[in-house]
Visitor: 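This is the structure I have questions about; it appears just below.
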Amino acid sequence: MPELPEVETTLRGITPHLVDHQIVAVVIRNPKLRWPIPNNLDALLHGQVVRGLQRRAKYILITFDHGTLILHLGMSGSLRILPVGTLPQKHDHFDLVLEDGELLRLRDPRRFGAVLWHTGEVAQHPLLAALGPEPLQQDFDGEYLHRTTRTRSAVIKQVIMDSHLVVGVGNIYANEALFRAKIRPQLAAHKLSLPRCQKLAQCIKEVLLEAIEQGGSTLRDFVHSDGSSGYFQQSYFVYGRTGKPCRVCGTPIKQVRQGQRSTFYCLQCQK
DNA sequence: AATCTTTCCTGCCGGC
DNA sequence: TGCCGGCAGGAAAGAT
């Protein structure tokens with residue numbers, strides 16, 4: 001379940017192992033992800049040097065002189081740095097082998113992830129071109145949220161999870177941010193006042209930043225370890241806590257269904 | 001068997 | 001009537 005904080009933590013973990021290193025082989029064991037992994041990647045990348053890594057939304061972008069490798073972890077993907085020769089396990093679909101004896105390995109049991117190649121300006125890739133602002137950047141703020149929700153009659157939780165409006169807010173952090181902002185998830189987006197939009201934008205930033213910090217401390221050695229273990233053991237205020245007492249007021253946490261997703265909230269704290 | 005996860009796509013709606 | 005933004009629902013795989 002990689003949400004933005006886990007993608008950011010992964011990016012920070014793998015970056016020093018990749019930047020300035022040369023690709024000596026690309027291994028595709030199963031190309032059938034959300035879209036097929038291009039079968040000419042080995043020819044494209046052999047001998048090329050990684051120039052940099054970035055994150056855009058939940059995409060990891062690996063920059064080369066002649067193009068960009070775009071990775072997405074989907075719902076179940078993880079990336080690890082391992083010594084060359086480490087035996088692949090069942091869902092290890094893709095490796096980038098480096099000249100220094102390490103490799104980057106993608107594991108993705110549910111195969112909703114992606115490995116794509118793009119030449120030219122990566123921001124213009126069809127998957128990236130229409131994305132909204134990054135939640136942690138300054139151009140995402142209460143004024144922006146207020147302005148862009150005036151025409152939106154959908155419920156606020158759905159709207160903050162819309163990647164055209166703002167990227168990187170998945171189900172867990174949408175629930176947590178709304179709790180922190182004391183806003184009912186089923187409120188129509190256009191009914192939120194400017195002050196409440198400001199509060200919500202701030203809370204989205206806070207929950208994501210705190211999760212990134214926690215990821216950084218709990219997953220410091222994730223690169224060589226068993227992947228996601230531990231990361232999502234952080235304690236939530238509402239997510240997954242149906243029927244348990246609200247950590248603020250004690251009222252049992254309610255669970256409802258919104259757009260095929262579970263929503264958790266406190267009837268007392270959120271209005 | 002239902003549920004959970006991400007995000008793109010299709011089809012439909014109402015407003016102008 | 002045609003266009004468009006907005007919105008709901010569906011789809012993908014596998015573990016539990």
Side-chain angles (χ1 to χ4, degrees), chain A residues 1-11 29-37 55-61 70-79 88-94 106-116 118 124-135 144-177 185-192 204 208 211 215 226-229 231-234 236 238-243 253 255-264:
Chain A
M1 310 146 253
E3 292 230 21
L4 184 143
E6 188 170 354
V7 176
E8 179 67 28
T9 301
T10 297
L11 178 82
R29 290 183 206 83
N30 183 356
K32 289 190 273 185
L33 301 185
R34 181 166 191 162
W35 299 281
I37 301 177
R55 179 186 60 73
R56 173 72 173 113
K58 294 174 186 170
Y59 295 92
I60 287 175
L61 311 175
I70 301 174
L71 305 182
H72 197 285
L73 301 179
M75 305 206 291
S76 61
S78 58
L79 288 168
Q89 297 185 32
K90 188 174 178 185
H91 302 294
D92 291 343
H93 306 309
F94 176 80
L106 172 69
R107 174 176 301 175
D108 187 3
R110 292 170 212 175
R111 295 195 278 115
F112 283 14
V115 177
L116 301 167
H118 183 72
Q124 282 164 30
H125 187 279
L127 290 171
L128 307 183
L131 293 176
E134 289 286 329
Y144 170 85
L145 189 57
H146 188 254
R147 176 168 18 101
T148 52
T149 52
R150 291 313 83 193
T151 58
R152 307 291 297 265
S153 59
V155 298
I156 185 61
K157 175 167 179 257
Q158 302 270 64
V159 168
I160 60 175
M161 292 176 69
D162 177 357
S163 64
H164 301 284
L165 188 109
V166 59
V167 300
V169 183
N171 199 30
I172 294 172
Y173 296 104
N175 279 295
E176 293 298 307
Q186 45 281 80
L187 208 60
H190 68 260
K191 292 201 169 175
L192 282 176
I204 288 171
L208 292 174
D226 210 18
S228 57
S229 64
Y231 186 71
F232 283 104
Q233 287 170 10
Q234 69 183 91
Y236 300 121
V238 287
Y239 184 80
R241 298 195 67 244
T242 312
I253 297 300
Q255 177 178 359
V256 296
R257 206 80 185 149
Q258 288 182 318
Q260 303 156 288
R261 324 288 294 266
S262 289
T263 291
F264 305 89

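Letters go in sequence order (proteins before strands), and every chain restarts at 1.
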Visitor: So does A:Ser76 get a side-chain nitrogen or oxygen closer than 4.0 Å to the phosphate oxygens (OP1/OP2) of B:dT6?
Guide: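 For A:Ser76, the contact criterion (side-chain N or O under 4.0 Å from OP1 or OP2 of B:dT6) is not met.
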Visitor: Keeping the roles fixed (side chain from A:His93, backbone from A:Asp108), state whether a donor-acceptor pair exists under 3.5 Å.
Guide: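 Such a contact is found between A:His93 side chain and A:Asp108 backbone.
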Visitor: Side-chain contact, heavy-atom cut-off 4.5 Å: A:Arg55 with A:Glu134?
Guide: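 Counting from C-beta outward, A:Arg55 and A:Glu134 do come under 4.5 Å.
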Visitor: Assign A:Leu73 to base, sugar-phosphate, or nothing according to its heavy-atom contacts below 4.0 angstrom with the strands shown.
Guide: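 Result for A:Leu73 = nothing.
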Visitor: Examine the base of B:dT7 for any acceptor or donor lying under 3.5 Å from a partner atom in the side chain of A:Arg34, and report the outcome as yes or no.
Guide: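 Flag set: donor-acceptor pair detected.
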Visitor: Does A:Thr263 have any side chain to side chain contact (heavy atoms under 4.5 Å, CB included) partners at least two apart in sequence or in another chain, and if so, which?
Guide: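 Only A:Lys157, A:Asn175, A:Pro185, A:Val256, A:Gln258, A:Tyr265 meet the side chain to side chain contact (heavy atoms under 4.5 Å, CB included) criterion with A:Thr263.
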Visitor: Kindly say if A:Arg257 contacts the phosphate of B:dC4, meaning a side-chain N or O under 4.0 Å from OP1 or OP2.
Guide: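 Checking B:dC4 against A:Arg257, a side-chain N or O does come within under 4.0 Å of OP1 or OP2.
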Visitor: If you look at every strand shown and take non-hydrogen atoms under 4.0 Å, does A:Arg152 touch a base, only sugar-phosphate, or nothing?
Guide: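 Sugar-phosphate only.
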Visitor: Report the distance from atom CZ of A:Arg110 to atom P of B:dT6, rounded to the nearest whole Å.
Guide: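 Taking CZ of A:Arg110 and P of B:dT6, I get 10 Å after rounding.
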Visitor: Just the rounded figure in Å: distance from P of B:dC4 to CD of A:Gln260.
Guide: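 To the nearest whole Å, that distance equals 11 Å.
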Visitor: Rounded at 0.5 Å granularity, tell me how far CD1 in A:Ile172 sits from CZ in A:Arg261.
Guide: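 Here the interatomic distance stands at 10.0 Å.
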Visitor: With side chains defined as the heavy atoms from C-beta onward, is the minimum distance between A:Ile253 and A:Thr242 less than 4.5 Å?
Guide: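 No. Closest side-chain heavy atoms not under 4.5 Å.
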Visitor: Could you tell me which residues satisfy salt bridge (charged side-chain N to carboxylate O under 4.0 Å, His left out) with A:Arg111, sequence neighbours excluded, listed by chain and number?
Guide: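 A:Arg111 satisfies salt bridge (charged side-chain N to carboxylate O under 4.0 Å, His left out) with no other residue.
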Visitor: Decide yes or no for A:Ser76 and A:Phe112: does some side-chain heavy atom of the first lie under 4.5 Å from some side-chain heavy atom of the second?
Guide: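 SC-SC contact between A:Ser76 and A:Phe112 ruled out.
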Visitor: Measure from CD on A:Gln158 to P on B:dT7 and round the result to the nearest Å.
Guide: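 The answer, rounded to whole Å, is 14 Å.
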Visitor: Whole angstrom is fine here: how far is it from OH in A:Tyr236 over to C1' in B:dC4?
Guide: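 A:Tyr236 atom OH is separated from B:dC4 atom C1' by 14 Å.
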Visitor: Side chains of A:Ile160 and A:Ile204, heavy atoms from C-beta outward: is any pair under 4.5 Å?
Guide: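 When only atoms from C-beta onward are counted, A:Ile204 and A:Ile160 do touch, with a gap below 4.5 Å.
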Visitor: Identify the stems formed by DNA chain C, where each pair is Watson-Crick or G-U wobble with both distances under 3.5 angstrom and a stem is at least 3 consecutive pairs.
Guide: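 Only these stems qualify: B:2-16 with C:2-16.
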Visitor: What's the OH-P distance between A:Tyr173 and B:dT7, to the nearest Å?
Guide: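 Nearest whole value for this atom pair: 14 Å.
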Visitor: Figure out the CG/P separation between A:Leu131 and B:dT7, and round it to whole Å.
Guide: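 Value for this atom pair: 9 Å.
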Visitor: Using the test side chain to side chain contact (heavy atoms under 4.5 Å, CB included), find all partners of A:His125 that sit at least two apart in sequence or belong to another chain.
Guide: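 Applying side chain to side chain contact (heavy atoms under 4.5 Å, CB included) to A:His125 gives A:Ile70, A:Leu116, A:His118, A:Leu127, A:Leu128.
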Visitor: Send over the distance from A:Asp162 CG to B:dT7 C1', rounded to a whole Å.
Guide: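 So the two atoms are 10 Å apart, to the nearest Å.
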Visitor: May I ask you to verify if any side-chain N or O of A:His72 is less than 4.0 angstrom from the OP1 or OP2 atom of B:dT7?
Guide: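 Indeed, a polar side-chain atom of A:His72 lies that close.
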Visitor: Would you mind telling me which residue lines up with the more 5' stretch of DNA chain C, A:Ala154 or A:His91, judged by nearest nucleotide?
Guide: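 The 5'-side residue here is A:Ala154.
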Visitor: Which nucleotide span of DNA chain C, 5' end to 3' end, has atoms closer than 4.0 Å to non-hydrogen atoms of chain A?
Guide: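 Nucleotide range in contact with chain A: C:dG6 to C:dA15.
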Visitor: How long is the line joining OH of A:Tyr59 and C1' of B:dT6, in whole Å?
Guide: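 Distance check: A:Tyr59 OH to B:dT6 C1' gives 9 Å.
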Visitor: Touch check for A:Asp108, heavy atoms < 4.0 angstrom, all strands: base, sugar-phosphate only, or nothing?
Guide: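 It contacts nothing in the nucleic acid.
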Visitor: Can you list the residues that meet the side-chain hydrogen bond (donor to acceptor under 3.5 Å, both in side chains) rule with A:Arg34, with sequence neighbours excluded?
Guide: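 Scan of A:Arg34 (side-chain hydrogen bond (donor to acceptor under 3.5 Å, both in side chains), adjacent residues dropped) gives none.
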